[in-house]
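Worksheet for the structure shown next.
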Amino acid sequence: MIRGIKGVKDIPPSQIPKWSVVEKTAHQLAQGYGFKEIRIPIFEPTELYIRSIGGATDIVEKEMYTFLDRDGSSLTLRPEGTAGVVRSFIEHNLINEPTCKKLYYIGPMFRHERPQAGRFRQFHQFGVEMVGTTNPYADIEVISLLWRFFSSLELPGLTLEVNSLGESSDRQVYKENLVTFLNPKIEQLCGNCRRRIDTNPLRVLDCKVPQCRTATEDAPKLTDFLSQTSKDHFNQVLTGLDTLSIPYNLNSRLVRGLDYYSMTTFEVSCSSLGAQNAIGAGGRYDGLFETLGGKSTPAIGFAIGLERVLLALPESMIPHPKPWVFVAGFGPLGSQAGFSMMDTLRSIGITANTDHNASSLKSLLKSADRLSAPFVLILGDDEVSQHHAILRNMQTKAQEIIPLSTASFTLKDRLSG
RNA sequence: GUGGGUGUAGCUCAGUUGGUUAGAGCGCCGGGUUGUGGACCCGGAGGUCGCGGGUUCAAUUCCCGUCACUCACCCCA
């Protein structure tokens with residue numbers, strides 16, 4: 001038997017209704033905010049991700065699915081969406097397209113991690129990118145869409161945390177101060193963090209190891225190193241969130257794991273999720289375009305993990321199936337008539353189905369029951385010769401005799417009621 | 001990559017202090033006669049007890065290894 005790949009899941013028919021609500025909500029809300037959908041490739045040159053995400057990050061160091069193409073060039077299955085969108089943006093000069101400054105995507109991402117609850121090797125993200133403006137209103141709009149997506153789906157136990165990483169010059173000064181603070185305390189830090197002092201000192205603040213927490217309690221705060229411009233920007237974002245009544249917590253330790261973030265960053269976590277509780281996150285990445293060889297262009301976006309959204313999705317959000325009719329044609333005349341009736345129904349948009357393995361009325365009804373058909377159209381030889389059919393409501397057991405000539409219209413009426 | 005838990009029927013799980021034909025519930029198939037589903041009753045199919053090795057007269061049960069699943073660390077959405 002050939003098994004599927006570890007951490008790569010099938011989505012069985014029973015799960016599709018959940019996915020449909022979530023995807024539909026994503027499309028409708030994103031478009032309602034003026035975002036246009038973009039579909040980018042599932043694999044890209046490896047270099048794209050190394051340069052955008054950062055060579056010292058876990059994603060690049062140990063989680064990418066990287067392989068050689070036949071010509072020897074290195075390709076990578078996308079571990080996230082922003083890099084590809086920005087690459088596409090630069091490559092096609094989308095900055096000149098007025099309709100392309102707000103883009104969204106939905107699709108699979110790939111990271112070689114050890115699977116656990118809410119974490120898979122192939123997982124799906126819904127993300128948006130707003131390109132070309134430094135205006136704080138852009139930040140607010142993006143966070144508002146993120147928050148509205150979750151509240152439309154009625155996910156319980158959400159917390160929004162926000163922080164500002166400042167401009168890269170702010171961060172440079174801060175980093176030096178932080179390293180000076182950390183170096184004397186190096187003995188108290190975990191092995192991971194000792195390494196981080198050189199590679200990415202900001203992440204030390206994000207460490208969950210208790211000793212690291214206590215060691216960094218009095219660490220200098222990034223907020224104190226922000227330039228006036230950064231401070232003003234961040235304050236306007238916070239004021240905007242207040243105006244829109246979006247609840248948030250300030251978290252000066254919130255550091256994103258991808259190197260390209262700057263200024264505003266945010267993360268939504270969900271208390272009903274267990275260990276992997278980050279359900280959506282994002283921030284500004286004003287430097288990424290330049291990093292990838294484009295013109296300096298500010299941008300902000302987020303990504304949401306759809307599997308995690310599904311885990312937290314309340315049962316009540318799953319829509320009831322549309323009413324449909326099971327056609328039970330039996331006997332030489334009945335099965336003929338049933339078959340053409342089914343086609344007539346489908347031609348006017350009524351969902352109709354039957355079971356070709358059932359031939360007696362009993363077995364047909366049994367099959368209809370198992371498919372939880374709300375209505376069954378009974379068509380035996382007797383009915384055909386009398387030019388009518390029996391419409392059975394499976395829930396109430398009520399049956400009515402309807403003329404064959406107008407059956408499809410009667411059906412349409414009954415199903416919509 | 002590290003650690004814990006689990007692996008018995010299609011599914012959820014009992015069980016065997018090592019001993020002839022391994023159980024339940026649900027599901028599935030058939031029957032309870034002739035054209036009416038779900039309930040009930042009766043019957044039936046279905047398992048190399050994850051795989052490999054070891055100990056033993058004897059292993060599904062004990063030991064070792066391995067693989068898979070799962071949760072957590074880490075990291076992230």
Side-chain angles (χ1 to χ4, degrees), chain A residues 1 3-7 9 14 53 56-64 78-82 106-127 146 149-150 190-193 195-196 200 203 206-210 212 254-258 266-270 273-283 301-312 326 328-331 334 355 357-384 390-399:
Chain A
M1 182 177 61
R3 303 181 54 100
I5 299 165
K6 184 200 280 282
K9 299 293 184 191
S14 60
I53 298 169
T57 58
D58 279 20
I59 295 179
V60 170
E61 274 184 346
K62 46 194 185 192
E63 293 174 3
M64 294 207 300
R78 62 184 190 194
E80 58 105 40
T82 301
I106 300 178
M109 307 295 164
F110 306 85
R111 292 182 200 174
H112 187 106
E113 295 185 275
R114 191 83 171 262
Q116 72 186 71
R119 195 172 76 180
F120 311 97
R121 292 187 174 178
Q122 175 176 337
F123 61 102
H124 296 76
Q125 286 189 334
F126 157 47
L146 175 78
F149 175 73
F150 293 134
C190 71
N192 236 329
C193 285
R195 221 165 47 90
R196 282 172 177 148
N200 195 345
R203 293 210 58 83
D206 211 24
C207 188
K208 283 153 197 156
V209 177
C212 298
L254 180 69
V255 176
R256 311 271 352 115
L258 289 72
F266 49 90
E267 177 172 314
V268 174
S269 51
C270 176
L273 277 186
Q276 305 303 315
N277 65 355
I279 196 169
F302 67 65
I304 292 171
L306 296 187
E307 278 80 1
R308 292 179 188 178
V309 172
L310 257 78
L311 284 175
F326 183 99
F330 60 102
D355 179 357
N357 283 328
S359 51
S360 67
L361 180 55
K362 187 187 178 74
S363 58
L364 283 160
L365 279 170
K366 194 169 194 165
S367 180
D369 182 52
R370 272 193 272 213
L371 293 169
S372 24
F375 292 96
V376 175
L377 191 68
I378 298 171
L379 259 172
D381 292 351
D382 296 353
E383 286 73 23
V384 174
I390 296 171
L391 180 61
R392 179 179 176 84
N393 181 320
M394 291 296 274
Q395 207 168 13
T396 65
K397 295 182 172 186
Q399 301 196 159

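Below, chain A is the first sequence line, B the second, and so on; all start at residue 1.
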Under 3.5 Å, which protein N or O atoms sit close to an N or O of nucleotides 38-44 of chain B? Give each pair with its distance.
unit_1, atom_1, unit_2, atom_2, d
G38(B), O4', Asp369(A), OD2, 3.0
G38(B), O6, Lys397(A), NZ, 3.2

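- The nearest whole Å value for the distance from the CG atom in Leu273(A) to the P atom in C71(B) is 12 Å.
- Atom CG in Asn393(A) sits about 14 Å away from atom C1' in U36(B), given to the nearest Å.
- Atom C1' of nucleotide U36(B) and atom CG of Leu361(A) are separated by 5 Å, given to the nearest angstrom.
- Applying the salt bridge (Lys or Arg N to Asp or Glu O under 4.0 Å) rule to pairs touching residues 357-374 of chain A yields nothing, sequence neighbours excluded.
- Across the protein-nucleic acid pair, Gln276(A) atom CD and C74(B) atom C1' stand 9 Å apart, rounded to whole Å.
- For the pair Glu80(A) CD and C76(B) P, the interatomic distance rounds to 12 Å; values are reported in whole Å.
- As judged by a 4.0 angstrom heavy-atom cut-off over every strand, Gly331(A) is placed among residues making no nucleic acid contact.
- Put simply, NZ on Lys9(A) is 11 Å from C1' on A68(B), counting in whole angstrom units.
- Nucleotides C63(B) and U55(B) are separated by 16 Å at their P atoms, to the nearest Å.
- Side-chain atoms of Gln116(A) come within donor-acceptor range of the base of C74(B), with a qualifying N/O pair under 3.5 Å.
- Taking atom P on both nucleotides, U66(B) is separated from G3(B) by 11 Å, rounded to a whole Å.
- Spacing between C11(B) and G53(B) at atom C1', rounded to whole Å, works out to 32 Å.
- The minimum heavy-atom distance between Ala358(A) and Leu364(A), with the atom names listed, is O-CD2, 3.6 Å.
- Taking both residues in full, the closest heavy atoms of Phe326(A) and Ala368(A) are given as CG-CB, 3.5 Å, listed atom of the first, atom of the second, then distance.
- When all heavy atoms are compared, the tightest approach of Val384(A) to Leu379(A) is CG2-CD2, 3.9 Å.
- Shown here are the side chain to side chain donor-acceptor pair (under 3.5 Å) partners of Glu61(A), two or more places apart in sequence or in another chain: there are none.
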Short heteroatom pairs, N/O only, protein and nucleotides 25-28 of chain B, under 3.5 Å:
unit_1, atom_1, unit_2, atom_2, d
C28(B), OP1, Arg370(A), NH1, 3.0

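- Only the C1' atoms considered, U36(B) is 43 Å distant from G15(B), to the nearest whole Å.
- Remark: the separation of the C1' atoms in U17(B) and C41(B) is 40 Å, to the nearest Å.
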Report the C-alpha separation of Val268(A) and Phe302(A) in whole Å, then their side-chain angles, then the decisive distance to 0.1 Å, and conclude whether the side-chain contact (heavy atoms from CB on, under 4.5 Å) test is met. CA-CA 10 Å; Val268(A) 174; Phe302(A) 67 65; over 6 Å; no
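- Judged by distance alone, the side chain of Arg78(A) and the main-chain N or O of Pro108(A) form a donor-acceptor pair under 3.5 Å.
- With the nearest nucleotide of RNA chain B identified for both Glu307(A) and Arg3(A), Arg3(A) has the one nearer the 5' end.
- A donor-acceptor contact shorter than 3.5 Å links the side chain of Asp381(A) to the backbone of Gly334(A).
- Rounded to the nearest Å, the gap between the P atom of G50(B) and that of A14(B) is 14 Å.
- Among the heavy atoms of the strands lying under 4.0 Å from Ile378(A) is at least one base atom, whether or not backbone atoms are also near.
- Closest to the Glu383(A) side chain, of the nucleotides G35(B), C74(B), A77(B), is G35(B).
- Note that NE2 of His112(A) is 14.5 Å distant from CD1 of Ile59(A), once rounded to the nearest 0.5 Å.
- Nucleic acid contact for Ala117(A): sugar-phosphate only, since backbone atoms but no base atoms lie under 4.0 Å from a heavy atom of the residue.
- In this structure, Phe120(A) reaches the bases: a heavy-atom distance under 4.0 Å links it to at least one base atom across the strands shown.
- Comparing Gly118(A) and Lys62(A), the nucleotide of RNA chain B nearest to each residue sits closer to the 5' end for Lys62(A).
- Look at the C1' atom in both A59(B) and C49(B): the space between them is 11 Å, to the nearest Å.
- Contact record, Gly118(A) with Gln276(A): O-CB, 4.2 Å, taken as the closest heavy-atom pair.
- Distance alone, capped at 3.5 Å, places no donor-acceptor pair between the Arg392(A) side chain and the Val376(A) backbone.
- Put simply, the side chain of Arg121(A) never gets that close to the backbone of Pro115(A): no donor and acceptor are under 3.5 Å apart.
- What separates CD of Glu63(A) from P of C73(B) is a distance of 15 Å, to the nearest Å.
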Let's go through Ile106(A) and Leu306(A) carefully: what are the C-alpha distance in whole Å and the side-chain angles of both, what is the deciding distance for side-chain contact (heavy atoms from CB on, under 4.5 Å) to 0.1 Å, and is it a yes or a no? CA-CA 9 Å; Ile106(A) 300 178; Leu306(A) 296 187; 3.9 Å; yes
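- If you check every strand for non-hydrogen atoms under 4.0 Å, Gln399(A) touches a base.
- Considering His124(A), Gln122(A), Gln125(A) as possible partners of Glu307(A), the one that fulfils the side chain to side chain donor-acceptor pair (under 3.5 Å) test is His124(A).
- Between the NE2 atom of His124(A) and the P atom of A77(B) there is a distance of 17 Å, given to the nearest Å.
- Across the P atoms, G31(B) and G37(B) are found 13 Å apart, a figure rounded to whole Å.
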Kindly determine whether Thr57(A) and Glu63(A) satisfy side-chain contact (heavy atoms from CB on, under 4.5 Å), including the steps that lead there. CA-CA 9 Å; Thr57(A) 58; Glu63(A) 293 174 3; over 6 Å; no
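- Residue ring and nucleobase are not stacked for Phe330(A) and G35(B) under a centre distance beneath 5.5 angstrom and an angle between planes beneath 30°.
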So which protein N/O to nucleotides 1-12 of chain B N/O distances come out below 3.5 Å?
unit_1, atom_1, unit_2, atom_2, d
U2(B), O4, Arg114(A), NH1, 2.4

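- Lys362(A) has no side-chain polar atom (N or O) that falls below the 4.0 Å cut-off from OP1 or OP2 of U36(B).
- In this structure the side chain of Arg308(A) reaches within 4.5 angstrom of the side chain of Arg119(A), judged on heavy atoms.
- Annotated stems with RNA chain B as a participant read B:1-7 with B:67-73, B:10-13 with B:23-26, B:28-32 with B:40-44, B:50-54 with B:62-66, given as range with range, by first number; only runs of 3 or more Watson-Crick or G-U pairs under 3.5 Å qualify.
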